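One structure below.
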Amino acid sequence: MEPGFIGLIISACTGILLLGWMQHRHNQQVYQLINGLQTHKPCDEQFQALFDAAPECIKLQSQDGTIERINSAGLEILETGIHSSIVGHSIYGVMAAEYHADYRRLTQQVFAGGIGFMEFELVTFKGRRCWLETNAVPLYDEHRKVYALLAITRNIDKQKRLTQQLEEQRNRLNTIIDSEPECVKLHDRAGIILEMNPAGLSLLNADSAASVIGHSVYEFVCDEYLDRYRALSENVFNGARDSMEFEVNTVTGGRRWLETHAAPLLDAEGRVSALLAITRDIDERKSNELKLRSQQQELAHMCRLSTLGELASGLAHELNQPLCAISSYAESAVLLNGAHSCNEIDKVNAILTKIVNESTRASGIIKGLRDFVRKSTPQPQAVDVSNLLKEIINLMESERRRLGIHFSVTVPAVISTAWVDRVQTQQILLNLINNAFQAIEETPEVNRKLSVTVNESYDQLHISVRDYAQGISEQVRPHLFTPFFTTKPQGIGIGLSLSRGIAEAQGGQLIYQAADPGSCFCLSLPCQLS
Ligand code: ADP
């Protein structure tokens with residue numbers, strides 16, 4: 001046995017302990033180690049023991065590929081217990097054909113004095129394919145001529161198949177994400193976008209990933225949503241899921257409405273490594289919502305005008321009263337013009353005060369009307385419900401007198417303020433009271449009563465409008481809130497459906513409650529939070 005060979009094998013066996021953690025980039029170190037140990041010359045038995053005890057496959061091969069020597073770990077990998085089945089035979093006989101060319105190159109490289117690393121598949125004696133990783137170095141004789149290739153080979157089948165499986169899973173996932181019609185994105189705690197699929201890029205009108213990936217998500221979120229988005233990100237990095245609707249500035253400059261559902265992405269240790277968000281385009285839905293809202297506002301406005309039309313003659317009468325009073329007071333004042341006695345001057349002053357009072361009353365009615373018909377965007381505000389009821393009663397006063405209705409209003413002495421839009425709430429109550437008046441019109445005088453009662457429970461105010469008229473038949477009740485349902489010859493049938501829509505949009509509700517005799521509608525409104 002060549003002395004150099006023994007030294008090399010010893011060095012290789014010693015190296016094996018290190019090779020567990022060695023990668024191909026450590027070949028240089030293996031080579032140095034082997035060369036460094038070349039001077040050792042242990043006896044053949046000692047070598048054989050080390051060679052066979054090595055946990056990794058060690059083989060010696062000639063330039064044409066013939067295996068000259070192989071240890072037990074090598075035979076194990078080949079799934080044979082017989083040396084002669086492989087020693088003296090070509091390595092190419094047990095190597096999958098697709099790796100032959102590369103392995104030949106590696107062999108040439110080693111015999112030219114280089115080192116090599118390669119991964120390939122072996123076909124064992126049982127016909128099984130098995131992935132191996134081999135580090136090959138040249139062996140020199142005393143004339144510094146390469147006479148063999150020494151390879152230390154590891155079974156990496158499990159690791160390779162696991163990597164392949166992971167790769168396949170990753171590819172599958174990437175294909176799903178890439179073909180997903182909704183935006184899938186990942187960003188870190190600071191908001192830096194780590195990944196975004198093509199659907200996401202097109203939501204931002206970005207024609208390349210570079211204009212989005214690596215940028216901060218806060219560059220795209222519109223200013224008015226930044227605080228809410230930061231809160232969402234904070235929640236997700238604290239382990240919670242969150243969602244929101246917001247607008248973004250696209251790469252090309254326009255704005256777009258998005259809805260995002262975000263969840264934490266955990267690493268192997270269970271720490272939140274990124275925010276994963278699925279985001280969809282809700283631009284069309286939002287613009288439809290806006291259109292619908294403005295149509296509803298328009299409709300509500302038309303209804304207010306129509307209600308006012310119904311009350312017009314009564315209101316004219318209501319206005320006429322202070323105007324008549326003003327004119328007759330003014331006439332009296334003219335007669336007293338030039339008065340000198342204290343008594344007469346006092347009379348003039350009293351008349352002038354009455355004129356001022358009546359003018360204030362008339363302008364109060366006009367202001368109430370103007371507020372009621374004004375087109376305005378609904379705005380929640382603190383509303384004192386008893387004041388609101390007083391204003392409505394004023395508007396309905398002449399109609400009440402005409403019909404001879406006994407009107408009672410009960411409001412607790414201490415009551416919370418409502419958090420609603422003033423005009424819209426006025427509209428609901430006016431509609432309920434007007435409906436009740438119309439029902440009462442058909443009723444004998446004894447039942448011409450209307451009671452409005454206000455109660456409070458938890459965080460809501462409840463306003464009941466109860467009349468004692470003919471009531472609502474069982475057939476009509478299911479249709480009360482259906483748009484355009486009416487039993488009146490001149491009715492439009494949108495009062496109740498519109499009122500319910502307004503109540504719900506304000507966070508309240510409007511329901512019908514059976515009453516005998518008559519009908520009762522209950523409006524619930526949110527209270528102002530203290
Ligand atoms: P309209 O008043 O134009 O008919 P509404 O939506 O306000 O439209 O009312 C729908 C229907 O509900 C009315 O036609 C009527 O049949 C019924 N209704 C509403 N309020 C009362 C009430 N207080 N008493 C009896 N019927 C009522």
Side-chain angles (χ1 to χ4, degrees), residues 292 295-315 372-373 388-389 392-393 395-397 399-410 421 423-455 462-506 508-525:
L292 195 70
Q295 278 167 359
Q296 270 171 351
Q297 280 171 25
E298 200 59 41
L299 188 64
H301 182 240
M302 304 259 295
C303 276
R304 290 204 294 276
L305 291 179
S306 138
T307 311
L308 218 60
E310 288 171 29
L311 300 176
S313 65
L315 285 168
F372 187 63
V373 295
L388 196 75
L389 284 168
I392 296 166
I393 292 165
L395 279 177
M396 304 290 289
E397 179 52 19
E399 192 67 0
R400 183 198 70 75
R401 271 204 310 269
R402 185 179 73 78
L403 296 170
I405 297 171
H406 177 75
F407 202 144
S408 74
V409 178
T410 315
D421 178 77
V423 172
Q424 285 199 330
T425 310
Q426 214 173 23
Q427 177 168 6
I428 301 173
L429 289 168
L430 197 66
N431 184 48
L432 296 179
I433 295 172
N434 200 28
N435 273 347
F437 274 24
Q438 286 171 352
I440 290 171
E441 204 167 1
E442 316 290 319
T443 314
E445 264 180 44
V446 57
N447 283 342
R448 295 195 166 195
K449 288 185 289 183
L450 177 68
S451 54
V452 177
T453 316
V454 183
N455 287 308
H462 308 283
I463 308 171
S464 303
V465 178
R466 162 84 198 268
D467 66 58
Y468 298 80
Q470 74 277 16
I472 298 168
S473 71
E474 298 227 348
Q475 289 85 340
V476 166
R477 284 179 201 173
H479 309 291
L480 281 176
F481 296 95
T482 308
F484 304 111
F485 172 81
T486 181
T487 56
K488 301 170 193 167
Q490 308 298 324
I492 317 175
I494 52 169
L496 285 179
S497 70
L498 189 76
S499 297
R500 175 174 269 185
I502 295 173
E504 288 175 357
Q506 305 198 102
Q509 62 171 7
L510 176 63
I511 53 168
Y512 163 76
Q513 286 176 332
D516 188 23
S519 319
C520 182
F521 287 87
C522 180
L523 170 67
S524 303
L525 300 171

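Counting convention: from 1, in listed order, for ligands and their atoms alike. Keep in mind that what you see is a predicted model, and the values were worked out from it rather than measured.
- Closest to atom 1 (P) of ligand 1 among all protein heavy atoms lies G493 N, 3.7 Å.
- Of the charged side-chain nitrogens involved, none lies within less than 4.0 Å of a carboxylate oxygen, so that R448 and E445 do not count as a salt-bridged pair.
- Counting protein heavy atoms only, atom 27 (C) of ligand 1 is closest to I472 CD1, 3.7 Å.
- Residue F485 holds the heavy atom nearest to atom 10 (C) of ligand 1 of all those in F521, F485, F481.
- Listed by number with element, the atoms of ligand 1 under 4.0 angstrom from any heavy atom of G491 are 3 (O).
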Residues M396, L430; criterion side-chain contact (heavy atoms from CB on, under 4.5 Å); working and verdict: CA-CA 8 Å; M396 304 290 289; L430 197 66; 3.5 Å; yes

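- Counting all heavy atoms, side chain and backbone alike, L450 lies closest to A436 at CD1-CB, 3.6 Å.
- Those atoms of ligand 1 that come under 4.0 Å of a heavy atom in I492, given as number and element, are 3 (O).
- Interface atoms of ligand 1 facing L480, defined by a heavy-atom separation under 4.0 Å, are 12 (O), 17 (C).
- Counting protein heavy atoms only, atom 7 (O) of ligand 1 is closest to N435 ND2, 2.9 Å.
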Listing, residues 477-486 side-chain donor-acceptor contacts under 3.5 Å, not counting sequence neighbours, or none:
from, atom 1, to, atom 2, distance (Å)
R477, NE, I472, O, 3.0
R477, NE, Y512, OH, 3.2
R477, NH2, I472, O, 3.2
T482, OG1, H479, O, 3.2
T486, OG1, K488, N, 3.1

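- Residue contact check for ligand 1: S519 places a non-hydrogen atom closer than 4.0 Å to it.
- R500 contributes a side-chain N or O that, together with a main-chain N or O of L510, makes up a donor-acceptor pair within less than 3.5 Å.
- Among all non-hydrogen protein atoms, the one lying nearest atom 2 (O) of ligand 1 is K488 NZ, 2.6 Å.
- Annotation: atom 4 (O) of ligand 1 to nearest protein heavy atom, T486 OG1, 2.6 Å.
- In this structure, CD1 in I405 is found 10.0 Å from CD1 in I433, a value given to the nearest 0.5 Å.
- With a 4.0 Å heavy-atom cut-off, ligand 1 is reached by the side chain of D467 but not by its N, CA, C or O.
- Residues Q506 and T425 come closest through the heavy atom pair NE2-OG1, 3.4 Å.
- Within a 6.0 Å sphere centred on CD of Q513, other residues, nucleotides and ligands contribute more than 12 heavy atoms.
- Residue, atom and distance of the protein heavy atom nearest to atom 15 (C) of ligand 1 are T487 OG1, 3.4 Å.
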Using atom types as modelled, flag every donor-acceptor pair under 3.5 Å from a side chain in residues 514-525 to any protein atom, sequence neighbours excluded.
from, atom 1, to, atom 2, distance (Å)
S524, OG, H462, ND1, 2.9

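- Residue G495 has at least one heavy-atom neighbour below 4.0 Å for each of these atoms of ligand 1: 5 (P), 6 (O), 7 (O), 8 (O).
- Closest to atom 5 (P) of ligand 1 among all protein heavy atoms lies L496 N, 3.6 Å.
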